Each structure stands twice: as C-alpha cells, then as structure tokens.
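Predicted model, so just to flag it, every value in this text is computed and none were measured.
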Amino acid sequence: MGDRYNIHSQLEHLQSKYIGTGHADTTKFEWMVNQHRDSYASYMGHFDLLNFFAISENEAKARVRFNLMEKMLQPCGPPPEKPED
C-alpha cells in the first residue's frame, strides 16, 4: 500500500511541476495544445529540422522560425467555449 501512495505522490509532483504532463482535469484541447507547442519547440531547438523545413518550404530559416513561433500562440485554434454548469 505504501508503494502505491509513493507512486501517486510522485506523479502528482511531476504534474504540478511540468505543465505538459497533464492531470485528471486536463481537457482534450489542452492536451493537444501542449503536444503541438512541445513539437514546435522541438523543431526550433533542432537546427537540422529547422533547415529541413526551410528547404522544403523554400523559405528563409528566420521566416520558418517566426512562423513556428506564431503557431505556438494558438496551435489548435481558439479554445472551445466551456459549458456552463
């Protein structure tokens, strides 16, 4: 029983420390936004991927980086309206 409590407390600690790990109340939209933002951040952080995107889109690397940064604002569009309780 002690191991189960320890695992849950570690999971709760990770969820409070890192936004992208989610929690029990994470909506599908929030999860998708986190996934998209993590992907865009990874693309910008890996120089070779950025070069690949720039060549494939026939754009400058700075323009590709700018476009990725803009996509990070609302990667999945505007948030859905929350139903009133």
Side-chain angles (χ1 to χ4, degrees):
M1 189 68 168
D3 291 337
R4 175 176 276 176
Y5 174 74
N6 190 19
I7 290 170
H8 286 296
S9 65
Q10 288 175 356
L11 184 60
E12 288 176 3
H13 174 70
L14 282 175
Q15 290 170 342
S16 66
K17 189 173 180 182
Y18 302 107
I19 295 171
T21 55
H23 50 80
D25 296 328
T26 301
T27 64
K28 183 178 179 181
F29 178 78
E30 291 171 341
W31 185 81
M32 288 298 294
V33 166
N34 286 333
Q35 293 297 314
H36 278 84
R37 285 185 178 155
D38 287 347
S39 296
Y40 293 146
S42 177
Y43 299 155
M44 287 191 303
H46 291 89
F47 186 70
D48 293 333
L49 275 175
L50 195 64
N51 283 339
F52 173 76
F53 291 144
I55 291 170
S56 64
E57 295 176 3
N58 197 22
E59 292 280 349
K61 288 183 277 188
R63 172 58 64 183
V64 172
R65 181 173 282 134
F66 176 76
N67 289 340
L68 289 172
M69 288 288 281
E70 287 225 326
K71 287 181 184 178
M72 287 179 76
L73 291 176
Q74 285 190 338
C76 299
E81 294 182 14
K82 296 182 179 178
E84 295 181 20
D85 292 331

Q. Are Val33 and Met69 connected in a single hydrophobic cluster, I mean Ile/Leu/Val/Met/Phe/Trp/Tyr linked by side-chain heavy atoms less than 4.5 Å apart?
A. no

Within this structure, what is the [atom1]-[atom2] distance for the pair [X] and [Y], rounded to the nearest 0.5 Å?
{"X": "Leu49", "Y": "Phe47", "atom1": "CG", "atom2": "CZ", "answer": "11.5 Å"}
{"X": "His36", "Y": "Asp38", "atom1": "NE2", "atom2": "CG", "answer": "11.0 Å"}
{"X": "Asn34", "Y": "Phe29", "atom1": "CG", "atom2": "CZ", "answer": "10.0 Å"}

Q. Hydrophobic clusters join Ile, Leu, Val, Met, Phe, Trp and Tyr when side-chain heavy atoms are under 4.5 Å apart, directly or via other members; which others share one with Ile55?
A. none

Q | For Phe53, the option from Asn67, Val64, Asp48 that meets side-chain contact (heavy atoms from CB on, under 4.5 Å) | A | Val64

(Q) Quick check against the 3.5 Å criterion: does Ser39 have a side-chain atom that pairs as donor or acceptor with the backbone of Gln35? (A) yes

Q) Does Arg37 use its side chain to pair, donor to acceptor, with the backbone of Leu73 at less than 3.5 Å? A) yes

(Q) Heavy-atom count check: over 12 atoms from other residues, nucleotides or ligands less than 6.0 Å from Phe52 CZ? (A) no

Q) Below 4.5 Å, heavy atoms only, C-beta onward: do Met72 and Met44 meet side chain to side chain? A) yes

